[in-house]
Amino acid sequence: MVKMRLFWVIFFLVLTIGYPILLLCPIRMVKLRNELKVFFYRTTFPTAVLCIIINYDIWLKNILDFKKYVLLVGILLGWICANISCSVVNKFNDVIIIPIKVLFDKKSIYDLGKILIMCMIEEILWRNIIWNYFYTNALVCNILEILIISLLFTLSHFHSYIKYIQLMDLFIFSLILCCLFNWLGSLWLVIIIHFVRNVFIDSLREGKKYD
């Protein structure tokens, strides 16, 4: 059972690395390239969900451990992370001037729910399950673990249309989340930070101010 769970985690990581390699490699056969794109697109998300399901014992205890301070701190840190993201792409003032009420007025319950679910899936997978497989108490190895997970997390968001400055932003964002999870061990904190940051960035994308 342990080997089977590890297999699916490794398979997910292979898919994560495989897609950007596919985009970067000069594959001349257009049909093969398109078929591989479809394979990665259709396989990665179900594999991620499967990894979460079969590794429920790793994250279930953390997801049930919700502390009251997490909501307020998560919202504040999520807003700060959104500001950091905009500063990286030279749009620092865009987040500060947008009232939270306006942000959420533009979002339906469905949109917010979809963003929340995706943030939960990503954080449970990257900051809890994959983290658990890499985990060690050695400080040097912890630093290496944070860097590796952040790099893989960034690669998992790689697409042909994404800008390299946005990849740098994602890498910095993942470093922040990994450090917070390593320090505080709160899964809900990184989920809320991720959710709030994504709501801000998504709203900026609607106004074409972030991309």
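When all heavy atoms of Val70 and Ser186 are compared, the closest pair comes out as CG2-OG, 3.7 Å. Pairing each heavy atom of Glu123 with each of Leu187, the nearest pair is O-CD1, 3.8 Å. Among all heavy-atom pairs drawn from Leu147 and Phe171, the shortest one is O-CE1, 3.9 Å. Counting all heavy atoms, side chain and backbone alike, Ile176 lies closest to Cys81 at CG2-SG, 4.0 Å. For the residue pair Ile201 and Ser85, the shortest heavy atom distance occurs at CD1-CB, 4.0 Å. When all heavy atoms are compared, the tightest approach of Ile146 to Cys178 is CG2-CB, 3.7 Å.
Within the 4.5 Å cutoff, side-chain heavy atoms of Asn128 are placed close to those of Phe181. Side-chain contact between Thr16 and Trp126 is present, with heavy atoms from C-beta onward closer than 4.5 Å. Counting only heavy atoms from C-beta outward, the side chains of Phe12 and Leu50 never approach each other to under 4.5 Å. No side-chain heavy atom of Leu125 sits under 4.5 Å from any side-chain heavy atom of Trp59.
Among residues at least two apart or in separate chains, there is no salt bridge (charged side-chain N to carboxylate O under 4.0 Å, His left out) pair with a member in residues 183-194. The stretch residues 66-79 participates, sequence neighbours left out, in these salt bridge (charged side-chain N to carboxylate O under 4.0 Å, His left out) pairs: Asp65-Lys67. Applying the salt bridge (charged side-chain N to carboxylate O under 4.0 Å, His left out) rule to pairs touching residues 72-83 yields nothing, sequence neighbours excluded.
When Ile52, Asn55, Asn62 are each tested for a side chain to side chain contact (heavy atoms under 4.5 Å, CB included) with Ile124, only one passes: Ile52.
Leu170 contributes atom CG, which lies 11.5 Å from atom CG of Leu151 (distance to the nearest 0.5 angstrom). For the atom pair Asp202 CG and Lys114 NZ, the distance stands at 8.0 Å (nearest 0.5 Å). The line from CG of Leu77 to CG of Leu72 is 9.5 Å long, rounded to the nearest 0.5 Å. With values rounded to the nearest 0.5 angstrom, Ile17 atom CD1 is found 10.5 Å from Phe40 atom CZ. Of the inter-residue distances, the one linking Ile143 atom CD1 with Leu175 atom CG reads 11.5 Å to the nearest 0.5 angstrom. Rounded to the nearest 0.5 angstrom, Leu6 CG and Phe11 CZ are separated by 14.0 Å.
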Without placing hydrogens or testing angles, list every side-chain donor-acceptor pair under 3.5 Å for residues 115-122, not counting sequence neighbours.
unit_1: Glu122; atom_1: OE1; unit_2: His194; atom_2: NE2; d: 3.2
unit_1: Glu122; atom_1: OE2; unit_2: His157; atom_2: NE2; d: 3.0

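No more than 12 heavy-atom neighbours from other residues, nucleotides or ligands sit within 6.0 angstrom of OH on Tyr164.
Taking the ring pair (Phe, Tyr, Trp, His ring centres under 6.0 Å) definition, one finds that Tyr56 meets it with nothing, sequence neighbours left out. In this structure Lys61 satisfies the side-chain contact (heavy atoms from CB on, under 4.5 Å) test with no other residue, sequence neighbours excluded.
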Which is it for Arg197 and Asp169 under the salt bridge (charged side-chain N to carboxylate O under 4.0 Å, His left out) test, yes or no, and what are the steps along the way?
CA-CA 12 Å; Arg197 182 260 183 195; Asp169 164 41; 2.7 Å; yes
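Clustering ILVMFWY residues whenever any of their side-chain heavy atoms sit less than 4.5 angstrom apart, transitively, puts Val14 in a cluster other than the one holding Tyr41.
Stacking of Arg5 on the aromatic ring of Tyr133 is not recorded, the 6.0 Å distance cut-off and the 45° axial limit not both being met.
Using bins of under 30°, 30° to 60° and over 60° for the plane-to-plane angle, the ring pair Tyr135/Trp131 lands in the tilted bin.
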